[in-house]
Amino acid sequence: MHQLTLAEIARGLADKKFSSEELTKALLARITQLDPQLNSFISLTEDLALQQAKAADARRANGENGALLGAPIAHKDLFCTQGIRTSCGSKMLDNFKAPYDATVVAKLAAAGAVTLGKTNMDEFAMGSANESSYYGAVKNPWNLEHVPGGSSGGSAAAVAARLLPAATATDTGGSIRQPAAFTNLTGLKPTYGRVSRWGMIAYASSLDQGGPLARTAEDCAILLQGMAGFDPQDSTSIDEPVPDYSASLNGSLNGLRIGVPKEYFSAGLDSRIADLVMASVEELKKLGAVVKEISLPNMQHAIPAYYVIAPAEASSNLSRFDGVRFGYRCENPKNLIDLYKRSRGEGFGPEVQRRIMVGAYALSAGYYDAYYLKAQKIRRLVKNDFMAAFTEVDIILGPTTPNPAWKLGAKNSDPVSAYLEDVYTITANLAGLPGLSMPAGFVDGLPVGVQLLAPYFQEGRLLNVAHQYQQNTDWHTRTPTGF
Ligand code: GLN
């Protein structure tokens, strides 16, 4: 049963081959048995899951149908879940039980999805390896000595290991697409504003976006359908109708114009990944696509700009964790300043503290113009590059990451070397564009992802291209040994 996709689960439930309760029990048992190897869950919510599964079975017995009705999923542990620990991977929130559900959580619950638990993540979503979590590193099911990517590494490892069919995740600079690439999954970062951020604990508010992680594009379409839509509680949510993503999966790719940016093929890219990227282009050409070389001239400035803007916003967002209102509080504070200092010093891990310091520095009166303002100008140039490219092509294709998953601990002493691995993903966040990563082959037994980018609100186009590719390739069906 654990090999079933969301689409297959929906059919099985509709045909009464099994109940949601049976499926939920089987997956909870599988998680208990296998997750100790991976550490992909921070909390399991067995009672809630069984209650939701029974309710979904009852709704189906009453004639209701729906792609997510009775489907088991999990939430990255930065989506607030009422009455359930929402830790954000941090000691700071280890004892925080959210008083309300995030909009995404509430929408998926209303659609009948069953929450199996909360998945591990980099602390406050800062990282690319899932090694900064207070709850310990997550392992990559393809090779337990390697990282699963981050920050949504728990969601990715769990889905890749067939502990469940799909999970929610968030992407500020690549945290859906990069772990998807590292674990042989399909992951979609929607257009900024497509999915509500209400109840999603903020890292960098102008970049954060929730989205689906699953094995297939078809399943990403199903999960995104349940997540997307206008939310008056999020002032950056956009009031645009949500198209039927599943309905457009089978559109023809005949005449689709694919742009391949020449800047992507620089010295930092593993040549074996470059070959797999070009092989995916050939596959799409067979389906009728035409290919064109394009240029994104400001791409080289994107990493420095991102690593100013994201920490700047983080330093502001994380100022609320002061040991007073909620979160961790140090023992026996001597006075108010001591309370702030020690609560934050003890509650936040080293990567989060590093980002708060960088961000506060970039925003300080003397340096604002030199760093923050400059980074915002680069952000506009990056966006302009994309706008120019999308007058010539329908999608942009390239590698998701320059290298496959690295070994656990390999980049711990050099944070900048990890930041550089985000080179292909962060531009979409700076510009607010949708992006998808799909499985496209293996290097040394480790999965490789290809990234597709599209104009604003063209998530349907990304899913269509990825689905057609997956109808003609079998990379996405490969299962890690032992799972
Ligand atoms: N690796 C990037 C960072 O650490 C992206 C993380 C994310 O998308 N949440 O900022």
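Since the model is a prediction, treat every value here as computed from it, not as a measurement. Atoms within a ligand are numbered from 1 in the order they appear, just like the ligands themselves.
Residue pairs satisfying the side-chain hydrogen bond (donor to acceptor under 3.5 Å, both in side chains) criterion with at least one member in residues 348-364, sequence neighbours excluded, are listed as follows: Y203-R355, E351-R354, E351-R355, E351-Y419.
Residues W142 and N184 are in side-chain contact: their nearest non-hydrogen atoms beyond the backbone lie under 4.5 Å apart. Side chains of S205 and R197 form a contact here, defined as non-hydrogen atoms less than 4.5 Å apart.
For an aromatic pair to be called close, the ring centres must be under 6.0 Å apart, and F321 with F124 satisfies this.
For D385, the side chain to side chain contact (heavy atoms under 4.5 Å, CB included) criterion is met by L296, P297, N298, not counting sequence neighbours. Every residue meeting the side chain to side chain contact (heavy atoms under 4.5 Å, CB included) condition with D219, not counting sequence neighbours, appears here in chain and number order: T5, L6, A7, A214, T216, I222.
Contact shell of ligand 1 (protein heavy atoms, cutoff 4.0 Å): A125, M126, G127, S128, S151, D171, T172, G173, G174, S175, Y203, Y306, Y307, R355, D422.
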